[in-house]
K.L.:
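Here's a structure for you.
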Amino acid sequence: MSRNAEEQSDITRLKFEADGSFKRLDSSFRNQIQKGGKFEPEKDRYHLYVSYACPWATRALIVRKLKGLENLIGVTVVSPRMGEHGWPFANAHKFPDADVDPLYNSDHVKDLYFRAEPEYGGRFTVPVLWDKKHETIVNNESSEIIRIFNTAFNEFLPADKAAIDIYPEKLRLQIDEVNAWVYDTVNNGVYKTGFARTQEAYEKALFPLFESLDRLEKMLEGKQYLIGDVLTEADIRLFVTIIRFDPVYVGHFKCNIRTIRGGYPAINKWMKNLYWNHPEFKDTTNFNHIKTHYYWSHPIINPTRIVPVGPIPDIDPL
Ligand SMILES: N[C@@H](CCC(=O)N[C@@H](CS)C(=O)NCC(=O)O)C(=O)O
């Protein structure tokens with residue numbers, strides 16, 4: 001099942017635009033889980049492969065826990081050191097809190113992609129939502145996986161968990177509007193900043209990133225949640241980037257106009273509340289995986305692979 005595909009798996013061979021900017025490719029597996037479809041809601045049929053380091057994958061981990069899906073959908077965590085073959089499992093690269101692949105004992109995430117589609121030509125990204133019945137990938141796009149988790153398994157859940165709705169009908173327009181610019185300038189903005197190959201491409205991503213943080217700071221003043229007064233997917237999608245900001249993006253991705261803790265009191269307070277008061281956020285945040293992954297896995301940006309010790313602490317107390 002293992003195949004050499006370093007063009008696709010080696011992050012140091014990422015393709016860039018002519019102007020030195022980084023362009024993220026669309027995810028390829030975009031199926032839904034629904035009654036009457038190829039992928040029906042069922043207990044213990046689906047499996048989630050994630051990295052604790054990856055902000056996109058962590059969205060799915062947070063929602064899995066928030067909705068109480070732990071007994072319905074298993075999880076496997078890859079090792080944070082992503083090398084020429086992409087994400088390794090623990091048997092290929094041991095690391096604390098990393099797992100072996102319980103389904104196929106694969107060495108790398110790419111082996112799952114080739115099992116699902118032998119001619120697969122895209123990148124081998126996490127998260128991967130896997131169907132054990134058809135032995136294929138249901139979906140590898142986090143924004144869709146969290147919406148699947150939000151509703152698809154409600155019939156198996158106790159009433160309090162089924163009632164949790166992170167994309168409520170009456171807030172959808174607002175959530176979609178915020179998601180759009182937060183995705184482009186913040187979630188993906190940090191990557192565009194950090195992966196830029198020219199000064200111009202770097203600054204073209206950096207300034208909009210900080211303009212958006214300024215805007216978010218105003219939106220969060222005196223508020224616990226981004227939209228309305230409930231936790232929505234907009235908070236989850238933003239949190240996974242903000243929690244990585246001071247420990248990684250400030251240094252590694254050169255997003256250093258301001259730090260969150262030093263420059264954005266309202267964002268910092270919102271982040272600390274989610275982290276310290278909601279186990280779904282704290283228990284799915286692993287700073288060791290986060291820091292090791294970025295500083296180790298991008299030798300173009302950090303050739304010594306030294307992982308900085310600070311900031312201490314990773315997140316301020318409440
Ligand atoms: N649009 C995808 C992005 C997923 C993604 O880019 N994941 C990164 C880790 S943070 C990855 O696995 N990259 C591996 C690679 O590109 O080789 C999603 O939101 O699920």
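We count ligands from 1, going down the list as the structure has it; atoms in each ligand are counted the same way. What you are looking at is a predicted structure, and each value in this text was computed from that prediction instead of being measured.
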K.L.:
Would you please name every residue forming a side chain to side chain donor-acceptor pair (under 3.5 Å) with E217, sequence neighbours left out?
P.N.:
none
K.L.:
With a 4.0 Å cut-off on N to O distance, would you call E70 and R64 a salt bridge?
P.N.:
no
K.L.:
From L220 CG over to M271 CE, what is the distance, rounded to the nearest 0.5 angstrom?
P.N.:
11.5 Å
K.L.:
Which residue pairs pass the salt bridge (Lys or Arg N to Asp or Glu O under 4.0 Å) test with at least one member in residues 188-213, sequence neighbours excluded?
P.N.:
D184-K192
K.L.:
Output, in order, the C-alpha distance, side-chain angles, deciding distance and verdict of salt bridge (Lys or Arg N to Asp or Glu O under 4.0 Å) for R147 and D176.
P.N.:
CA-CA 13 Å; R147 289 197 183 163; D176 289 343; 3.4 Å; yes
K.L.:
List in chain and number order the residues that pass side chain to side chain donor-acceptor pair (under 3.5 Å) with R45, two or more places apart in sequence or in another chain; answer none if no residue qualifies.
P.N.:
E42, D131
K.L.:
Using a 4.0 angstrom limit on heavy atoms, which residues are close to ligand 1?
P.N.:
I11, R24, S27, C54, P55, W56, M82, W87, R123, F124, T125, V126, P127, N140, E141, S142, Y191
